[in-house]
Novice: 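Dumping the structure here so I can ask a few things about it.
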Amino acid sequence: MAAAAAATVRVAAAQMTSINDLSANFNTCSRLVQDAVAAGAKLLCFPENFSFFGSKDGESLTIAETLDGPIVHRYCSLARESGIWLSLGGFQEKGPDDAHLCNTHVLIDDSGNIKSTYRKIHLFDVDVPGGAVYKESHFTTAGQDIVAVDSPMGRLGLTVCYDLRFPELFQQLRFQHQAQVLIVPAAFTKVTGEAHWEVLLRARAIETQCYVIAPAQAGKHNEKRECYGDTLIIDPWGKILGRLPDRISTGITVADIDFSLIDSVRTKMPISEHRKPLDFWKSASL
Ligand SMILES: O=C(O)CNC(=O)[C@H](CS)NC(=O)CCC(=O)C(=O)O
């Protein structure tokens, strides 16, 4: 008889203040990996720009690398040596030309192999009210593909930051790609985070009936940039399971993924049966 799958599995999400120094950020990540392993986590998720947070426009282009370059290689070794899965939630991957990179979410297994990669689909070209103007597309090429992948932590759906505002991606991950756990690494602005971060994350968890793991950049990265922070882990009922003692400190939070909770929430409230196919909406709007 096959061994029964574990009923729960522990995951961790990091909160950190990355700077424009690859080694300093790697040292922080290594320390957080040790904390996650000590806490019994099988997966640790890092925020967007975990390995490098530029201090001026275009600085990230100077450190962009391919997935087989030394930066990702170092994180693969860290995963293998520590026996933990890592979600690298926003790596500056060398793009199609020297003027563009891809904002790539890289998932590494506990043997140190890259399991999958997702390239951020929605780019942050936004004039933040009361904040700065962002033009991510100036130096970033958008991804085209939805990515979900099986793991011991369930079927993981990969996203990056601003994707959070586009529920259709999350609907696709749940209903077309059968995701159970959605990872939303972020570097949210302070202004938009205050207004929207928690409510958007809880909404995505509730409407997809998935766990949501949302590791966040936090606090002041340099003279010009400050991120909202507030790393969260949320269950499929929308309940917050994990959060650091404060919004901007560096550290991890952990929570247990309970597969029976996913099943019971979905069975008792069968939205996958009640939802209308796209064709319904086409005819309903005529
Ligand atoms: O600020 C930085 O340099 C780092 N941030 C990023 O790399 C990305 C792209 S500019 N930030 C977001 O997507 C913020 C989304 C957001 O804040 C929202 O949707 O409200």
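Whatever order the structure lists ligands and atoms in, that order sets their numbers, starting from 1. Nothing here was measured: the structure is a model prediction, and the numbers come from that model. Because only heavy atoms are used, hydrogens play no part in the values below, and waters and symmetry mates are left out as well, while side chains stay in.
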Novice: By ring pair (Phe, Tyr, Trp, His ring centres under 6.0 Å), which residues pair with F170, not counting sequence neighbours?
Specialist: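 Here no residue qualifies.
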Novice: Does F175 have R275 sitting over its ring (NZ/CZ under 6.0 Å from centre, angle to axis within 45°)?
Specialist: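 Judged by the rule, R275 and F175 form a cation-pi pair.
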Novice: Please work out whether the ring planes of F50 and F46 are parallel, tilted or perpendicular, with thresholds of 30° and 60°.
Specialist: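 Parallel, since the angle between the ring planes stays under 30°.
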Novice: Distance-only, no hydrogens or angles: does the Q92 side chain make a donor-acceptor pair with backbone N or O of F52 under 3.5 Å?
Specialist: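 Yes, Q92 side chain to F52 backbone: donor-acceptor pair under 3.5 Å.
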Novice: Among I233, I252, I213, L88, find the residue that satisfies the side chain to side chain contact (heavy atoms under 4.5 Å, CB included) test when tested with C45.
Specialist: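 Option passing the side chain to side chain contact (heavy atoms under 4.5 Å, CB included) with C45: I213.
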Novice: May I have every N or O pair linking ligand 1 to the protein at under 3.5 Å, one per line with atom names and distance?
Specialist:
unit_1	atom_1	unit_2	atom_2	d
ligand 1	1 (O)	R225	NE	3.4
ligand 1	1 (O)	R225	NH2	2.2
ligand 1	3 (O)	R225	NH1	3.3
ligand 1	3 (O)	R225	NH2	2.5
ligand 1	7 (O)	N49	ND2	3.1
ligand 1	13 (O)	K120	NZ	2.9
ligand 1	17 (O)	T189	N	3.0
ligand 1	17 (O)	T192	OG1	3.1
ligand 1	19 (O)	R165	NE	2.7
ligand 1	20 (O)	R165	NE	3.4
ligand 1	20 (O)	R165	NH2	2.7
ligand 1	20 (O)	T192	OG1	2.7

Novice: Answer yes if the side chains of E59 and N20 hold a donor-acceptor pair under 3.5 Å, and no otherwise.
Specialist: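 A donor-acceptor contact under 3.5 Å links the two side chains.
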